[in-house]
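As a basis for the values below, the full set of heavy atoms in this structure was taken, side chains included, without hydrogen atoms, waters or symmetry mates. None of the values given here were measured: they were computed from a predicted structure.
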Amino acid sequence: MLEKYRQSVSASKRAAILKAGRESFLANGYSGTAVADIARNADVSTATLYKHFASKEELFAAVVRDAYGFRDGEYANLPEDVNIEDFLVGVIRRYLDTQFDRKINALLRIVIAEVPHAPDLARDLYENLITIRYRELESILEGLIAQGRLKPHDAKYGVRLIGGAIKDYFIWPALFDANFSLPPETDEILHRTVRDFLTLYAAGR
(Lines give C-alpha, C1' and ligand atoms only; values in the text may rest on other atoms or scores of the structure.)
Protein backbone atom coordinates (compact mmCIF):
# COMPACT_ATOMS: atom_id res chain seq x y z
CA MET A 1 0.00 0.00 0.00
CA LEU A 2 2.82 2.39 0.85
CA GLU A 3 4.52 1.73 -2.47
CA LYS A 4 1.26 2.35 -4.36
CA TYR A 5 0.82 5.62 -2.49
CA ARG A 6 4.36 6.69 -3.39
CA GLN A 7 3.74 5.82 -7.04
CA SER A 8 0.51 7.82 -7.01
CA VAL A 9 2.24 10.85 -5.50
CA SER A 10 5.07 10.56 -8.05
CA ALA A 11 2.59 10.32 -10.94
CA SER A 12 0.69 13.36 -9.63
CA LYS A 13 3.88 15.39 -9.36
CA ARG A 14 4.94 14.37 -12.87
CA ALA A 15 1.55 15.41 -14.26
CA ALA A 16 1.79 18.75 -12.43
CA ILE A 17 5.27 19.34 -13.87
CA LEU A 18 4.07 18.56 -17.40
CA LYS A 19 1.11 20.90 -17.01
CA ALA A 20 3.24 23.73 -15.60
CA GLY A 21 5.88 23.14 -18.26
CA ARG A 22 3.35 23.24 -21.07
CA GLU A 23 1.87 26.49 -19.77
CA SER A 24 5.30 28.08 -19.32
CA PHE A 25 6.63 27.03 -22.73
CA LEU A 26 3.48 28.26 -24.49
CA ALA A 27 3.58 31.58 -22.62
CA ASN A 28 7.32 32.29 -22.75
CA GLY A 29 8.82 30.10 -25.45
CA TYR A 30 11.60 27.62 -24.89
CA SER A 31 14.49 30.02 -24.27
CA GLY A 32 12.35 32.27 -22.08
CA THR A 33 11.27 29.48 -19.76
CA ALA A 34 13.27 28.71 -16.60
CA VAL A 35 13.17 25.30 -14.94
CA ALA A 36 12.92 26.94 -11.52
CA ASP A 37 9.75 28.75 -12.61
CA ILE A 38 8.20 25.51 -13.84
CA ALA A 39 9.01 23.81 -10.53
CA ARG A 40 7.48 26.67 -8.56
CA ASN A 41 4.30 26.67 -10.68
CA ALA A 42 4.04 22.89 -10.29
CA ASP A 43 4.49 23.27 -6.52
CA VAL A 44 7.51 20.95 -6.44
CA SER A 45 11.17 21.51 -5.72
CA THR A 46 13.68 21.88 -8.55
CA ALA A 47 15.31 18.68 -7.31
CA THR A 48 11.99 16.85 -7.65
CA LEU A 49 11.57 18.16 -11.18
CA TYR A 50 15.02 16.87 -12.12
CA LYS A 51 14.16 13.45 -10.68
CA HIS A 52 11.42 13.22 -13.31
CA PHE A 53 13.17 15.05 -16.16
CA ALA A 54 16.95 15.25 -16.41
CA SER A 55 16.98 18.54 -18.35
CA LYS A 56 14.79 21.27 -19.78
CA GLU A 57 15.22 19.62 -23.19
CA GLU A 58 13.87 16.32 -21.85
CA LEU A 59 10.96 18.10 -20.17
CA PHE A 60 10.04 19.96 -23.35
CA ALA A 61 10.16 16.72 -25.35
CA ALA A 62 7.87 15.12 -22.76
CA VAL A 63 5.47 18.07 -23.00
CA VAL A 64 5.28 17.61 -26.78
CA ARG A 65 4.81 13.85 -26.47
CA ASP A 66 2.09 14.35 -23.86
CA ALA A 67 0.34 16.84 -26.15
CA TYR A 68 0.34 14.33 -29.01
CA GLY A 69 -1.19 11.71 -26.72
CA PHE A 70 0.49 8.71 -28.35
CA ARG A 71 -1.06 5.35 -27.54
CA ASP A 72 1.18 2.41 -28.36
CA GLY A 73 -0.60 -0.32 -30.30
CA GLU A 74 -3.83 1.65 -30.63
CA TYR A 75 -4.37 0.42 -34.18
CA ALA A 76 -2.74 -2.98 -33.82
CA ASN A 77 -6.03 -4.74 -34.60
CA LEU A 78 -7.74 -2.99 -37.49
CA PRO A 79 -11.49 -3.51 -37.96
CA GLU A 80 -12.45 -5.51 -41.03
CA ASP A 81 -16.15 -4.64 -41.21
CA VAL A 82 -16.08 -0.84 -41.45
CA ASN A 83 -16.15 1.51 -44.40
CA ILE A 84 -12.50 2.10 -45.20
CA GLU A 85 -13.06 5.72 -46.24
CA ASP A 86 -14.89 6.56 -43.02
CA PHE A 87 -12.27 4.74 -40.97
CA LEU A 88 -9.32 6.64 -42.47
CA VAL A 89 -11.15 9.96 -42.25
CA GLY A 90 -11.88 9.23 -38.59
CA VAL A 91 -8.21 8.50 -37.86
CA ILE A 92 -7.04 11.68 -39.58
CA ARG A 93 -9.77 13.80 -37.98
CA ARG A 94 -8.73 12.55 -34.56
CA TYR A 95 -5.14 13.55 -35.29
CA LEU A 96 -6.25 16.99 -36.43
CA ASP A 97 -8.48 17.55 -33.41
CA THR A 98 -5.56 16.63 -31.15
CA GLN A 99 -3.26 18.94 -33.12
CA PHE A 100 -5.54 21.92 -32.58
CA ASP A 101 -7.20 21.19 -29.23
CA ARG A 102 -3.89 20.50 -27.44
CA LYS A 103 -2.08 23.48 -28.99
CA ILE A 104 0.47 21.34 -30.81
CA ASN A 105 0.80 23.94 -33.56
CA ALA A 106 1.96 26.47 -30.97
CA LEU A 107 4.47 23.95 -29.59
CA LEU A 108 5.76 23.30 -33.11
CA ARG A 109 6.26 27.04 -33.62
CA ILE A 110 8.44 27.00 -30.50
CA VAL A 111 10.47 24.10 -31.91
CA ILE A 112 10.96 25.89 -35.23
CA ALA A 113 12.03 29.09 -33.46
CA GLU A 114 14.70 27.14 -31.55
CA VAL A 115 16.32 25.52 -34.61
CA PRO A 116 19.18 28.10 -34.84
CA HIS A 117 19.85 28.00 -31.07
CA ALA A 118 19.14 24.36 -30.22
CA PRO A 119 19.39 22.33 -33.43
CA ASP A 120 19.84 19.04 -31.55
CA LEU A 121 16.60 19.61 -29.64
CA ALA A 122 14.68 20.38 -32.82
CA ARG A 123 16.20 17.42 -34.68
CA ASP A 124 15.50 14.99 -31.84
CA LEU A 125 11.90 16.16 -31.51
CA TYR A 126 11.32 15.74 -35.23
CA GLU A 127 12.96 12.33 -35.47
CA ASN A 128 11.65 10.83 -32.23
CA LEU A 129 8.26 12.48 -31.77
CA ILE A 130 6.79 14.11 -34.86
CA THR A 131 7.66 11.23 -37.18
CA ILE A 132 5.90 8.80 -34.82
CA ARG A 133 2.61 9.95 -36.31
CA TYR A 134 3.89 9.10 -39.79
CA ARG A 135 4.87 5.65 -38.57
CA GLU A 136 1.46 5.15 -36.97
CA LEU A 137 -0.26 5.95 -40.25
CA GLU A 138 2.16 3.73 -42.15
CA SER A 139 1.31 0.81 -39.86
CA ILE A 140 -2.41 1.42 -40.47
CA LEU A 141 -1.94 1.34 -44.24
CA GLU A 142 0.26 -1.75 -43.97
CA GLY A 143 -2.48 -3.44 -41.93
CA LEU A 144 -5.08 -2.61 -44.58
CA ILE A 145 -2.74 -3.96 -47.26
CA ALA A 146 -2.34 -7.17 -45.26
CA GLN A 147 -6.14 -7.48 -45.04
CA GLY A 148 -6.35 -7.13 -48.81
CA ARG A 149 -8.35 -3.91 -48.55
CA LEU A 150 -5.60 -1.83 -50.15
CA LYS A 151 -3.41 -2.70 -53.11
CA PRO A 152 0.20 -3.51 -52.25
CA HIS A 153 2.17 -0.27 -52.31
CA ASP A 154 4.83 1.67 -50.40
CA ALA A 155 2.91 2.71 -47.26
CA LYS A 156 5.47 5.39 -46.50
CA TYR A 157 4.74 7.03 -49.85
CA GLY A 158 0.99 6.60 -49.35
CA VAL A 159 1.15 8.42 -46.02
CA ARG A 160 3.05 11.28 -47.69
CA LEU A 161 0.31 11.57 -50.30
CA ILE A 162 -2.36 11.95 -47.64
CA GLY A 163 -0.17 13.98 -45.28
CA GLY A 164 0.84 16.45 -47.96
CA ALA A 165 -2.76 17.45 -48.60
CA ILE A 166 -3.60 17.61 -44.89
CA LYS A 167 -0.60 19.78 -44.09
CA ASP A 168 -1.29 22.10 -47.00
CA TYR A 169 -4.91 22.63 -45.97
CA PHE A 170 -4.56 22.74 -42.20
CA ILE A 171 -1.07 22.57 -40.68
CA TRP A 172 0.89 25.11 -42.71
CA PRO A 173 -1.80 27.81 -42.28
CA ALA A 174 -1.86 27.13 -38.52
CA LEU A 175 1.93 27.40 -38.20
CA PHE A 176 1.92 30.84 -39.80
CA ASP A 177 -1.33 32.14 -38.28
CA ALA A 178 -1.80 31.65 -34.54
CA ASN A 179 -5.53 32.37 -34.91
CA PHE A 180 -6.17 29.75 -37.60
CA SER A 181 -8.76 27.13 -36.66
CA LEU A 182 -10.23 24.13 -38.43
CA PRO A 183 -12.76 25.39 -41.02
CA PRO A 184 -16.37 24.12 -41.26
CA GLU A 185 -15.53 22.16 -44.42
CA THR A 186 -12.79 20.12 -42.71
CA ASP A 187 -14.61 16.79 -42.97
CA GLU A 188 -15.46 17.41 -46.61
CA ILE A 189 -11.79 18.05 -47.39
CA LEU A 190 -10.75 14.92 -45.50
CA HIS A 191 -13.25 12.74 -47.36
CA ARG A 192 -12.14 14.17 -50.70
CA THR A 193 -8.49 13.55 -49.83
CA VAL A 194 -9.09 9.97 -48.73
CA ARG A 195 -11.28 9.25 -51.77
CA ASP A 196 -8.48 10.45 -54.06
CA PHE A 197 -6.06 8.17 -52.20
CA LEU A 198 -8.44 5.21 -52.48
CA THR A 199 -8.84 5.84 -56.21
CA LEU A 200 -5.18 4.92 -56.48
CA TYR A 201 -4.87 2.19 -53.87
CA ALA A 202 -8.23 0.65 -52.88
CA ALA A 203 -8.30 -3.06 -53.69
CA GLY A 204 -10.45 -3.95 -56.69
CA ARG A 205 -10.11 -0.58 -58.42
Give, for atom [atom1] of [X] and atom [atom2] of [Y], the distance between the pair rounded to the nearest 0.5 Å.
{"X": "Asp86", "Y": "His191", "atom1": "CG", "atom2": "NE2", "value": "5.5 Å"}
{"X": "Leu121", "Y": "Glu58", "atom1": "CG", "atom2": "CD", "value": "11.5 Å"}
{"X": "Arg109", "Y": "Glu114", "atom1": "CZ", "atom2": "CD", "value": "14.0 Å"}
{"X": "Glu188", "Y": "Thr193", "atom1": "CD", "atom2": "OG1", "value": "10.0 Å"}
{"X": "Leu175", "Y": "Lys167", "atom1": "CG", "atom2": "NZ", "value": "10.0 Å"}

Do you know which two heavy atoms are closest between [X] and [Y], and how far apart they sit?
{"X": "Gly148", "Y": "Ala203", "value": "O-CB, 3.1 Å"}
{"X": "Asp168", "Y": "Pro173", "value": "O-CD, 3.6 Å"}
{"X": "Ala67", "Y": "Leu107", "value": "CB-CD1, 3.7 Å"}
{"X": "Thr33", "Y": "Ser24", "value": "OG1-O, 3.1 Å"}
{"X": "Ile145", "Y": "Lys151", "value": "CG1-O, 3.6 Å"}
{"X": "Ile38", "Y": "Ile17", "value": "CG2-O, 3.9 Å"}

Note, [X] side chain near [Y] side chain (heavy atom, < 4.5 Å):
{"X": "Thr186", "Y": "Phe100", "value": "no"}
{"X": "Leu96", "Y": "Ile171", "value": "yes"}
{"X": "Ile110", "Y": "Val64", "value": "no"}
{"X": "Tyr50", "Y": "Val35", "value": "yes"}
{"X": "Ile166", "Y": "Leu190", "value": "yes"}
{"X": "Tyr201", "Y": "Leu161", "value": "yes"}
{"X": "Gln99", "Y": "Leu108", "value": "yes"}
{"X": "Ile84", "Y": "Leu150", "value": "yes"}

Single-linkage hydrophobic cluster Val115~Tyr126, side-chain heavy atoms < 4.5 angstrom: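 No, Val115 and Tyr126 fall in different hydrophobic clusters.
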Holding to side chain to side chain contact (heavy atoms under 4.5 Å, CB included), I want the full list of residues that pass it with Glu127, two or more places apart in sequence or in another chain. Arg123
For Ser45, all residues meeting side chain to side chain contact (heavy atoms under 4.5 Å, CB included), sequence neighbours excluded: Ala47, Thr48
Any cation-pi pair here, Lys56 with Tyr30, using under 6.0 Å and within 45°?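 Ring-cation test returns yes.
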Arg133 NZ/CZ over Tyr68 ring centroid, <6.0 Å and within 45° of normal: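 Here Arg133 fails the 6.0 Å and 45° test against Tyr68.
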Would Leu137 and Tyr95 count as a side-chain contact (heavy atoms from CB on, under 4.5 Å) if you check the C-alpha gap in whole Å, the side-chain angles of each, and the deciding distance to 0.1 Å? CA-CA 10 Å; Leu137 287 170; Tyr95 285 161; 3.4 Å; yes
The criterion is ring-ring contact (aromatic ring centres under 6.0 Å, His included); which residues satisfy it with Tyr169, sequence neighbours excluded? none
Under the ring-ring contact (aromatic ring centres under 6.0 Å, His included) test, which residues partner Phe170, sequence neighbours left out? none
Determine, step by step, whether Leu59 and Leu18 satisfy the side-chain contact (heavy atoms from CB on, under 4.5 Å) criterion, reporting the C-alpha distance in whole Å, the side-chain angles of both residues, the deciding distance to 0.1 Å, and the verdict. CA-CA 7 Å; Leu59 173 56; Leu18 285 172; 4.2 Å; yes
Does anything in residues 7-28 pair up under salt bridge (Lys or Arg N to Asp or Glu O under 4.0 Å), and if so which pairs, sequence neighbours excluded? Lys19-Glu23
Only pairs at least two apart or in different chains count here, so list each salt bridge (Lys or Arg N to Asp or Glu O under 4.0 Å) that has a residue in residues 27-54. Asp37-Arg40
With a 4.0 Å cut-off, would you call Asp196 and Arg192 a salt bridge? no
So does Arg160 pair up with Glu138, basic N to acidic O under 4.0 Å? yes
Check the pair Asn105, Phe180 against side-chain contact (heavy atoms from CB on, under 4.5 Å), reporting the backbone distance first and the verdict last. CA-CA 10 Å; Asn105 297 313; Phe180 181 85; over 6 Å; no
Could you walk me through whether Ile140 and Leu88 satisfy the side-chain contact (heavy atoms from CB on, under 4.5 Å) test, starting with their C-alpha distance in whole Å, then the side-chain angles of each, then the deciding distance to 0.1 Å, before giving a yes or no? CA-CA 9 Å; Ile140 289 172; Leu88 289 175; 4.1 Å; yes
Which of these passes side-chain contact (heavy atoms from CB on, under 4.5 Å) with Phe87: Val91, Val89, Asn83?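 Among the candidates, only Val91 passes.
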